Amino acid sequence: MTATLPFKLVPWVIESSRFSDRMVGARGIAVKGLAGTTISRYRCDMRIEIVSDVICPWCFIGKRRLEQAMAQRPDMEFQIGWRPFQLNPDMPKEGADRKAYLEAKFGGPARASEIYARITAEGAKEGIPFDFNGITRTPNTLAAHTVLRWALNAGVQNELKERLFRLYFIEGQNIGDHQILADAAAAEGMDGALVKSLLDEGRDTDVIQSEDQMARELGITGVPFFIFERRYGVPGAQDPTVLLEVIDKVAEAMARPAS
């Protein structure tokens with residue numbers, strides 16, 4: 001196959017071992033529906049983990065593009081896992097007023113509008129109707145990542161990730177609010193009251209912060225970042241054709257006998 005990837009496919013053999021041990025081997029919650037400390041390795045042809053933040057629009061776009069790539073290989077089974085990364089790790093717990101946030105980050109709404117216009121156009125190509133004007137608050141995403149970690153063990157992480165993306169980018173809801181997060185979890189079959197109680201208690205936030213820090217120590221500075229079979233890392237919301245080629249290359253590497 002002729003190499004056409006617009007980046008070097010990064011080997012993640014040694015690094016991914018550290019990533020696995022420290023990011024997965026954390027405390028779990030001994031409650032039915034939330035319990036467990038590891039990603040279950042059920043039968044699948046390829047495992048793909050995405051380091052992402054729930055307020056990252058390119059992560060939403062990247063999710064759609066990955067889905068398109070996977071759809072081109074209907075004979076393969078994929079296991080998808082989402083890893084935490086906070087774009088604003090120093091964000092106050094209560095979040096920030098959107099206008100104030102844009103002023104600090106981009107120098108004002110005019111520059112932000114210019115940037116978001118491009119993202120809106122890219123999102124439209126993927127069927128995502130971004131409504132950035134509808135967002136009134138930029139949240140601290142620590143709680144959202146915590147619920148997503150629990151959702152992994154409940155078997156609904158990918159579904160909850162989609163729901164949180166839509167709540168924030170399309171409906172303009174504050175996904176830093178514990179009740180909104182609990183309602184979203186309940187809509188995916190989790191125990192909403194339990195989720196709310198554990199979020200208010202602050203359960204597992206230290207675990208998420210540790211996972212976020214580990215991603216940074218491994219050299220991840222932007223998201224989305226895709227990790228295929230813990231062998232190769234791919235940065236950015238690449239086009240479906242690129243992601244498909246990565247899938248094929250990784251599958252080919254997996255099929256080769258160990259030397």
Side-chain angles (χ1 to χ4, degrees), residues 5-29 36-41 46-63 66 78-93 95-96 101 104-105 138-153 157-158 160-161 164-165 175-176 199 202-238 242-243 246 249-250 253-254:
L5 298 180
F7 53 84
K8 182 179 180 180
L9 200 57
V10 183
W12 269 63
V13 179
I14 298 175
E15 293 88 340
S16 65
S17 175
R18 292 177 59 222
F19 190 78
S20 170
D21 292 342
R22 295 227 358 225
M23 293 190 75
V24 179
R27 296 194 309 273
I29 299 177
T37 59
T38 61
I39 292 180
S40 60
R41 185 68 163 108
M46 186 174 296
R47 173 173 48 183
I48 305 173
E49 294 165 277
I50 308 106
V51 183
S52 160
D53 198 358
V54 286
I55 61 169
C56 166
W58 287 109
C59 294
F60 197 179
I61 292 172
K63 182 176 185 293
L66 177 63
F78 297 90
Q79 180 184 2
I80 304 300
W82 294 88
R83 296 292 190 177
F85 188 95
Q86 288 189 277
L87 290 174
N88 305 303
D90 298 324
M91 177 68 68
K93 184 177 180 180
Y101 172 78
K105 188 175 182 67
T138 299
N140 180 308
T141 58
L142 185 60
H145 285 302
T146 304
V147 179
L148 282 165
R149 181 178 188 274
W150 299 336
L152 172 64
N153 297 303
Q157 190 190 51
N158 200 46
L160 183 59
K161 185 75 171 187
L164 294 182
F165 275 147
I175 56 172
L199 284 175
R203 184 76 67 90
D204 273 359
T205 55
D206 59 330
V207 173
I208 300 303
Q209 290 170 326
S210 177
E211 293 181 354
D212 180 292
Q213 181 59 35
M214 174 54 65
R216 298 173 196 276
E217 290 176 6
L218 293 175
I220 297 175
T221 58
V223 289
F225 191 93
F226 299 86
I227 302 171
F228 291 78
E229 277 295 319
R230 297 187 180 167
R231 296 188 182 196
Y232 301 100
V234 176
Q238 303 292 337
V242 172
L243 291 172
V246 173
K249 285 180 178 293
V250 174
M254 291 168 61

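As the structure is a prediction and not an experimental result, all values here were calculated from the model. Atom set for the values below is all heavy atoms of this structure, side chains included, hydrogens, waters and symmetry mates excluded.
- Looking at every heavy atom in both residues, Leu243 comes nearest to Gln238 through CD1-O, 3.6 Å.
- In this structure, Glu49 contributes its side chain and Ile227 its backbone to no donor-acceptor pair below 3.5 Å.
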Between Phe228 and Val234, does the side-chain contact (heavy atoms from CB on, under 4.5 Å) criterion hold? Intermediate values first, please. CA-CA 8 Å; Phe228 291 78; Val234 176; 3.7 Å; yes
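- Smallest separation of non-hydrogen atoms from Tyr232 and Ala253: OH-CB, 3.6 Å.
- Asp212 places a side-chain N or O within 3.5 Å of a backbone atom of Gln86 that can act as its donor or acceptor partner.
- In this structure, Ile208 and Arg149 approach most closely via the heavy-atom pair CD1-CD, 3.7 Å.
- The backbone N or O of Asp90 sits nowhere less than 3.5 Å from a side-chain atom of Asn88 that would complete a donor-acceptor pair.
- The main-chain N or O of Leu142 is found under 3.5 Å from a side-chain atom of Thr146 such that the two form a donor-acceptor pair.
- By the 4.5 Å heavy-atom criterion applied to side chains, Ile80 and Leu66 are counted as neighbours.
- The aromatic rings of Phe165 and Trp82 stand perpendicular to each other, their planes meeting at an angle above 60°, with 30° marking the opposite boundary.
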Carefully, step by step, assess Ser52 and Lys63 under the rule side chain to side chain donor-acceptor pair (under 3.5 Å). CA-CA 10 Å; Ser52 160; Lys63 182 176 185 293; over 6 Å; no
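- Taking all atoms of both residues into account, the shortest heavy-atom contact from Met254 to Glu229 is SD-CG, 3.4 Å.
- The shortest heavy-atom contact between Cys59 and Pro224 is SG-N, 3.6 Å.
- Once rounded to the nearest 0.5 Å, the distance linking CZ of Arg83 with CD of Gln157 reads 8.0 Å.
- Under the 3.5 Å distance criterion, the side-chain polar atoms of Glu211 are left unmatched by any main-chain donor or acceptor of Pro84.
- A cation-pi contact links Arg216 to Phe85, judged by a cut-off of 6.0 Å to the six-membered ring centre and 45° from its axis.
- Between the side chain of His145 and the backbone N or O of Asp53, no donor-acceptor pair lies under 3.5 Å.
- For the atom pair CD of Gln209 and CE of Met214, the computed distance is 14.5 Å after rounding to the nearest 0.5 Å.
- Here the side chains of Phe60 and Val54 are not in contact, with every heavy-atom distance at 4.5 Å or above.
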Begin with the C-alpha distance, continue with both residues' side-chain angles, and end with the deciding distance and a verdict on side-chain contact (heavy atoms from CB on, under 4.5 Å) for Met46 and Gln79. CA-CA 6 Å; Met46 186 174 296; Gln79 180 184 2; over 6 Å; no
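- We find the CG-CG distance between Leu160 and Leu164 to be 4.5 Å, quoted to the nearest 0.5 Å.
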Would you please test Tyr101 and Met91 for side-chain contact (heavy atoms from CB on, under 4.5 Å) and show each step? CA-CA 10 Å; Tyr101 172 78; Met91 177 68 68; 3.9 Å; yes
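- The two residues Ala144 and Ile175 make their nearest non-hydrogen contact at CB-O, 3.9 Å.
- For the residue pair Lys105 / Thr138, no side-chain donor-acceptor distance below 3.5 Å is found, with atom types taken as modelled.
- Atom CZ of Phe78 is separated from atom CD1 of Ile48 by 5.5 Å, given to the nearest 0.5 angstrom.
- Residues Arg203 and Trp150 meet the side-chain proximity criterion, which asks for heavy atoms closer than 4.5 Å.
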